[in-house]
**Student:** 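I have a structure I would like to understand better, so I am pasting it below and will then ask my questions one at a time.
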Amino acid sequence: MGTDADLAEAIAGALSGLAVSYDPAEIKLERPQRLEHGDWSTNIALVLAKRNDKSPRELAEQLIEALMATPPRHVETVEIAGPGFVNFRLDPGWLHDALREVVAAGESGYAAPDLGHGERVQIEFVSANPTGPVHVGNGWFGTYGDALGRIMSRAGWQVSREYYVNDTGGQVRMLGESLLARRRREAVPDDGYQGEYVRELAEEYDGPEDVAAAGQFATERILENIRTTLERLNIRFDEWYSQASIEESGQVGATIQLLRETGHVFDQDGAVWLRSTEFGDARDRVLVKSNGDATYLAGDLAYHRDKFLVRGFDRVIDVLGADHHGQVASLRAGVQALGVDPDRLEVRLGQLVSLVGGRMSKRTGNFVPLDFLITEVGPDAARLLSLLSSIDQSTTLDLDAVKRQSMDNPVYYVQYAHARIASIGRVATERGIERAPIDQVDLSLLVHPRELEILRMLVDLPRVVTEAAIERAPYKVTNWVRALAASFHGFYHDCYVMGEGVSPELTQARLWLVEAARIGLSIGLDLLGVNAPDEM
RNA sequence: GCCCUCGUAGCUCAGCGGAUAGAGCACCGGCCUCCGAAGCCGGUGGCGCAGGUUCGAGUCCUGCCGAGGGCGCCA
């Protein structure tokens, strides 16, 4: 039971005693940004004042009086501030409690709230067409999806990560044609794939002069490269789902048939249409072209039918680039037409990553391969760099700046904190200092502002994981990790764990503090998929 | 034309409707006889514009300006 929950309970009790009308869910404790505003704060008096016909400050005053008749554990003073905030100032004991909690729960148990209740969620991400190497933008969404998976998994969801392999249709044909043209030393068609990689593949290809065979060869080889590149970034999938397999299995036809039976389909101009306007789409969409080919949408609907109705995921999160915005409405409409509650489908549109000096486009070959970036700055730096900010934010990457910063990159800052922690452990071992069991250690010796700051950060972690999971926002974990690292560096500078003038008792308490920081940092870095090295 | 996302410090970005808007980079100035100076401490500098909602707006609503994306029998 955390201190904030204790306080909320005490506040509820006090309000009841005052005969004030309130809803327990309205009582929210927050940690003020400024230390002068105490350890915990609530705006409950501001929220309830009007309804109870009192001024906020009046209500706050009565609340405090009732509350302090029997002060809650660790509370030293309670003050009214500003328009009617109630600020609690606690003795450091609540933070020592928190330290014990972190250590007891450990790396696997701390900050692991059960929000998902085992709900089965599928996250589909990257899904870049296997027609060329993945670029930096793919990497951005890749680390996003992967980190989101880690976070939701920690928060009680049963997560499956999937890559939808677009290994069929016109683009594979075009890829095959481009490859064969290269092999014949002829010009690649204007709308073909011009990249250098096609030339390289053409040299390796010794199959027949057949577009489909060449396309399949190229697709498989490229996909293998994509997989290798993503693994360099610590991005892994539970499933690589082939679009061709869906078509071959007859699921596309079955899906269209199902839609026809439920009356959501009509024929016009020799094509088969989905009446998606019924479900809020701006216009109806073609499922089968007049030449008999199924459209991308038809395949996508079959795929989503498979996700929801065959494999039975409770929730599906599609991570897409903002350039796929146009297909969201029809996909959602189609899913609804299939009888699936559209709320179960979540589409996260990530803003595009652009570069100083030109945008990324695959066809022209004018893009920065993800492999290139990883080689330039290293996997961990690339990974953290991509998780630095929200995917709602379009990012501009200045490659020169990234390279220039490479020795001054945020990732080194956080990893250095972890290395320092490990270093303390090594020195302790050298000096023959062992950590005593925590219940034999006097944690009340931890009173330095730097020490308490670390503990406050650790108190925040469960809340950060919760927010990151619910808002699908891994960057919040990144922010926290950076802030914790900052706290630790400050502590490391000001508070020697083993040094002249540090008593053995204080050393013991600080060793446990360092251990708690290590646990928190490890959790955070693991959620981001960034390594936590013992040495740099 | 219509729809979506975004405009916060010179640059890259944080800021569940709350109190004096925060970091990093860059720039200026300090700190190593003790666990790693890839660090610590201090300084310079900002909410695109105009209304509205309310106890309170960077945050919500409307309009305008600006940037990116989308409106195919392409995928």
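Here is the naming used below: chain letters follow the sequence lines, and residue numbers restart at 1 for every chain.
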**Student:** Would you classify A:S389 as touching base, sugar-phosphate or nothing, given that sugar-phosphate means primed atoms plus P, OP1 and OP2, and contacts are heavy atoms under 4.0 Å?
**Tutor:** sugar-phosphate

**Student:** Could you tell me whether B:C34 is syn or anti, where syn means a glycosidic angle within 90 degrees of zero?
**Tutor:**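 Anti conformation here, the glycosidic angle of B:C34 being more than 90° from 0.
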
**Student:** Roughly how many Å is it from CD in A:E26 to C1' in B:G17, rounded to a whole number?
**Tutor:**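 It works out to 15 Å between those atoms.
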
**Student:** Side chain of A:N43, heavy atoms from C-beta onward: which of B:G39, B:A19, B:G18 has the nearest atom to it?
**Tutor:** B:G18

**Student:** Roughly, in whole Å, what's the span from CH2 in A:W140 to C1' in B:U12?
**Tutor:**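 In whole Å, B:U12 C1' lies 11 Å from A:W140 CH2.
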
**Student:** Do the side chain of A:S290 and the base of B:C73 come within less than 3.5 angstrom through a donor-acceptor pair of N or O atoms?
**Tutor:** yes

**Student:** Would you classify A:E467 as touching base, sugar-phosphate or nothing, given that sugar-phosphate means primed atoms plus P, OP1 and OP2, and contacts are heavy atoms under 4.0 Å?
**Tutor:**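 Touches nothing.
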
**Student:** Roughly how far apart, to the nearest Å, are B:C4 and B:C61 at atom P?
**Tutor:**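 B:C4 and B:C61 have their P atoms separated by 11 Å.
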
**Student:** Output the single nucleotide from B:A19, B:G72, B:C35 whose closest atom is nearest the side chain of A:R283.
**Tutor:** B:G72

**Student:** Which one, B:U5, B:U20, B:C35, comes nearest to the side chain of A:R34?
**Tutor:**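 Of all the options, the side chain of A:R34 is nearest to B:U20.
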
**Student:** Can you list the steps and then say if A:Q171 with A:T131 is a side-chain hydrogen bond (donor to acceptor under 3.5 Å, both in side chains)?
**Tutor:** CA-CA 7 Å; A:Q171 56 183 3; A:T131 52; 4.9 Å; no

**Student:** I need the CZ-P distance between A:R420 and B:C34, as an integer number of Å.
**Tutor:**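 These atoms are roughly 13 Å apart.
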
**Student:** Quick one: label A:E535 by what it contacts on the DNA or RNA (base, sugar-phosphate, nothing), any heavy atom closer than 4.0 Å.
**Tutor:** base

**Student:** Rounding to an integer number of Å, can you tell me how far A:R31 CZ sits from B:A19 C1'?
**Tutor:**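 Taking atom C1' of B:A19 as the reference, CZ of A:R31 is at 15 Å.
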
**Student:** Report which part of the nucleic acid A:D300 touches: base, sugar-phosphate, or nothing (heavy-atom distance under 4.0 Å, all strands).
**Tutor:** nothing

**Student:** Please check this pair: side chain of A:D284 against backbone of A:T277, looking for a donor-acceptor N/O pair closer than 3.5 Å.
**Tutor:**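 It does hold such a pair.
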
**Student:** Tell me: CZ of A:R348 to P of B:G69, nearest whole Å?
**Tutor:** 21 Å

**Student:** Would you classify A:G499 as touching base, sugar-phosphate or nothing, given that sugar-phosphate means primed atoms plus P, OP1 and OP2, and contacts are heavy atoms under 4.0 Å?
**Tutor:**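 Base, at least one base atom sits under 4.0 Å.
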
**Student:** Taking CD from A:Q33 and P from B:A21, how many angstroms apart are they, rounded to a whole number?
**Tutor:** 10 Å

**Student:** Which nucleotide wins on minimum distance to the side chain of A:Q171, given the candidates B:G69, B:A75, B:C35?
**Tutor:** B:A75

**Student:** Is it the case that the base of B:A19 and the side chain of A:N87 share a donor-acceptor contact (distance under 3.5 Å, atom types as modelled)?
**Tutor:**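 Checked by distance alone, the answer is yes.
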
**Student:** Taking for each residue the nucleotide of RNA chain B bearing the nearest heavy atom, is the 5' side occupied by A:L388 or by A:I424?
**Tutor:**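 Per heavy-atom nearest nucleotide, the more 5' residue is A:L388.
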
**Student:** Which residue lies toward the 5' end of RNA chain B, A:G490 or A:Y496, if each is placed at its nearest nucleotide?
**Tutor:**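 On the 5' side of the pair lies A:Y496.
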
**Student:** For A:Y492 and B:C32, give me the distance from atom OH to atom C1', rounded to whole Å.
**Tutor:** 12 Å

**Student:** What does A:A271 touch in the nucleic acid at a heavy-atom separation under 4.0 angstrom: a base, only the sugar-phosphate, or nothing?
**Tutor:** base

**Student:** Using a heavy-atom cut-off of 4.0 Å across all strands, would you classify A:S55 as base, sugar-phosphate, or nothing?
**Tutor:** nothing

**Student:** Inspect the contact between A:R518 and A:D534 and indicate whether a charged nitrogen and a carboxylate oxygen are less than 4.0 angstrom apart.
**Tutor:**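 No salt bridge links A:D534 with A:R518.
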
**Student:** Which of these nucleotides, B:A75, B:C40, B:C35, is closest to any side-chain atom of A:H489?
**Tutor:**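 Between B:A75, B:C40, B:C35, the one nearest the side chain of A:H489 would be B:C40.
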
**Student:** Out of B:A75, B:G15, B:C6, which nucleotide sits closest to the side chain of A:K476?
**Tutor:**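 Shortest atom-to-atom distance from the side chain points to B:G15.
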
**Student:** Taking atom P of B:C34 as reference, at what distance in whole Å does atom CD of A:E430 sit?
**Tutor:** 16 Å

**Student:** Measure centre to centre between the rings of A:Y416 and A:Y413, then say whether the value is under 6.0 Å.
**Tutor:** no

**Student:** Looking at B:A14, B:A38, B:G39, which one has an atom nearest to any side-chain atom of A:Y412?
**Tutor:** B:A38

**Student:** Answer with yes or no whether A:E30 presents, from its side chain, a donor or acceptor under 3.5 Å of a partner atom in the base of B:C16.
**Tutor:**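 When only heavy-atom distances are counted, A:E30 does reach the base of B:C16 through a donor-acceptor pair under 3.5 Å.
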
**Student:** Determine if A:H493 stacks with B:G39; use a centre-to-centre distance below 5.5 Å and an interplanar angle below 30° as the criteria.
**Tutor:**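 Per 5.5 Å and 30° rule: no stacking.
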
**Student:** Out of curiosity, A:H264 NE2 to A:F279 CZ, how far, rounded to the nearest 0.5 Å?
**Tutor:** 4.0 Å

**Student:** State whether A:K307 and A:E162 are salt-bridged, where the test is any N-O pair (Lys NZ or Arg NE/NH1/NH2 against Asp/Glu carboxylate O) under 4.0 Å.
**Tutor:**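 Answer for the salt bridge query: no.
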
**Student:** Tell me the partner of B:G63, counting only Watson-Crick (N1-N3 plus N6-O4 or O6-N4) or G-U wobble (N1-O2 and O6-N3) with both under 3.5 Å; none if nothing fits.
**Tutor:**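 Because both required distances fall under 3.5 Å, B:G63 counts as paired with B:C49.
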
**Student:** Any base atoms under 4.0 Å from A:R450, or only sugar-phosphate, or nothing? Heavy atoms, all strands.
**Tutor:** sugar-phosphate

**Student:** Return the nearest nucleotide to the side chain of A:F85; candidates are B:G18, B:A75, B:A14.
**Tutor:** B:G18

**Student:** Which one, B:A75, B:G69, B:A19, comes nearest to the side chain of A:H325?
**Tutor:** B:G69

**Student:** For A:D267, look at atom CG and say whether over 12 heavy atoms of other residues, nucleotides or ligands are found less than 6.0 Å away.
**Tutor:**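 For A:D267, atom CG is crowded (more than 12 foreign heavy atoms under 6.0 Å).
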
**Student:** Nearest to the A:L46 side chain among B:G18, B:G39, B:G24, which nucleotide is it?
**Tutor:**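 Out of B:G18, B:G39, B:G24, the nucleotide with an atom closest to A:L46's side chain is B:G18.
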
